[in-house]
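Inspection log for the structure reproduced underneath, given as structure tokens.
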Amino acid sequence: MIVKPRIRGFICTTAHPLGCASNVREQADMTRELGTVEGCKTALVVGCSGGYGLASRIVAGFGCRASTVGVSFEKPPESEKPASAGWYNNAAFDLLANEAGMKSVTFDGDAFSHEIKRQVIDELKANYEPVDLLVYSLAPPIRIHPDSGERFRSVIKPLGEPYEAHTLTLDVLNGTGRLTPVSLDPATEEETTSTIAVMGGDDWRRWIDQCADEGVLSADFKTIAFTYLGNELTYPIYRGGTLGQAKEDLDRTCLELNEKYGSEGAEALIAVLKAVVTQASTAIPVVPLYFSILFKVMKEANTHEDCTAHINRLFREQLYATTPRRLDEKGRVRMDNFEMAEVIQEEVRQRWENINEDNLGDLADVEGFAEDFLKIFGFGRDDVDYDAELLDLTNVVRS
Ligand code: NAD
């Protein structure tokens with residue numbers, strides 16, 4: 001079978017096994033080149049198959065040389081249908097980690113469910129040292145509540161009043177885009193509550209409580225979840241919208257976890273991360289335009305980072321550094337310092353105000369955005385022959 005990208009808007013329904021494996025290998029190599037980090041020994045990464053969760057697992061494994069257990073919700077291949085990109089990333093990670101002599105196992109299923117927590121904890125009890133780092137990096141569209149069976153859907157909407165702006169509509173395969181208007185009605189109270197149920201802190205707390213109760217966490221464990229703040233351009237749709245409410249719930253959960261477990265030496269943290277192209281972030285309206293302007297400005301200033309570079313900096317400069325952390329007034333680790341630098345933000349603001357169809361390619365990194373998007377699915381790499389026939393869709397190793 002020959003696998004080509006099949007794209008609808010910001011969704012790609014195919015993924016290339018060898019391209020995904022090359023992505024993971026490249027991220028592992030990049031991490032190894034930065035040297036060893038004195039950090040975690042056993043990491044559990046919930047949301048391990050893409051974006052910031054995958055990068056965290058790679059840095060825990062190939063930076064700290066930790067054993068890792070991953071949890072994600074990915075689809076295996078079917079006879080004529082490739083697996084999801086995350087499934088290939090997991091397969092490639094497990095293979096590379098095992099080759100490098102590190103223990104690694106991945107569970108695919110719903111992280112919100114009692115069943116997956118049970119399976120993961122049983123595995124940890126049987127085969128792993130206590131977890132000293134739990135990374136919580138989920139970005140799910142829905143949650144089936146594990147106790148009530150109720151189904152919650154996360155919506156990305158403003159609060160209070162409608163929001164109108166422009167966004168970037170991308171022609172991924174040509175690396176071009178156009179500006180299109182978006183108009184979003186404000187969320188209802190029910191939609192806001194639902195989004196908090198999906199993207200807030202309840203499930204993070206459940207993972208920590210159950211792992212602690214069942215003795216699979218070390219007394220001095222660290223746990224970290226990720227958030228985004230952004231600026232006034234993204235405020236109505238992100239921090240000031242339904243997602244922002246969910247992220248505030250995550251902030252509250254962090255405080256509660258510290259109150260509950262802090263006296264034993266454990267630590268819960270929220271890291272404010274920079275904008276990167278992932279499956280989750282491209283689903284947010286308006287964000288693609290802001291991101292592509294931001295990337296161009298940050299690349300020009302030489303401060304742009306991809307997921308792996310960013311998470312390497314998080315581990316090496318903040319999480320496991322001996323120097324004081326860069327915290328804000330809410331105690332969050334600020335990794336978005338390059339993105340939020342005033343000189344960057346001022347330039348982004350100027351370009352946002354002046355951008356139009358004619359200067360889009362000059363003011364925004366539309367091509368780079370399209371490349372990053374294709375790369376999530378293992379496409380657009382120079383080292384993969386995309387015309388070659390694949391005989392086995394489960395194989396992430398070049399034959
Ligand atoms: P992503 O889409 O790349 O990854 C999401 C992960 O969640 C995948 O591993 C997926 O399999 C997993 N997942 C989703 N639903 C699941 C379920 N029910 N059970 C098990 N696994 C499930 O997302 P991302 O952008 O890396 O986001 C991760 C976190 O980082 C989120 O909290 C997000 O808000 C935060 N963040 C992202 C950005 C950004 O620009 N992408 C910036 C700052 C913070």
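For the single chain, residues carry numbers from 1 onward in sequence order. Counting starts at 1 for both ligands and their atoms, in listed order.
- Taking any N or O of Val276, backbone or side chain, at least one lies under 3.5 Å from an N or O belonging to ligand 1.
- Considering both main-chain and side-chain atoms, Ala111 comes within under 3.5 Å of ligand 1 through a nitrogen or oxygen pair.
- For Ser72, no nitrogen or oxygen atom sits less than 3.5 Å from a nitrogen or oxygen atom of ligand 1, counting backbone and side chain alike.
- Less than 6.0 angstrom separates the ring centroid of Phe93 from the ring centroid of Phe62.
- Counting heavy atoms under 4.0 Å from ligand 1, residue Lys274 touches it through the backbone alone.
- For a threshold of 3.5 Å applied to N or O pairs, the pair formed by Val71 and ligand 1 contains no separation below that value.
- Outside the 6.0 Å centre-distance limit, the rings of Phe226 and Tyr136 are not counted as a close aromatic pair.
- Between Ala275 and ligand 1, not a single N/O pair is under 3.5 Å apart.
- Note: no N/O pair closer than 3.5 Å links Tyr228 and ligand 1 by distance alone.
- Atoms of ligand 1 lying under 4.0 Å from any heavy atom of Cys48, numbered from 1 in the order shown and given with element: 9 (O).
- Residues Asp336 and Arg313 are not paired through a salt bridge, judged by the lack of any N-O separation under 4.0 Å between the basic side chain and the carboxylate.
- At least one N or O atom of Thr278, backbone or side chain, sits closer than 3.5 Å to an N or O atom of ligand 1.
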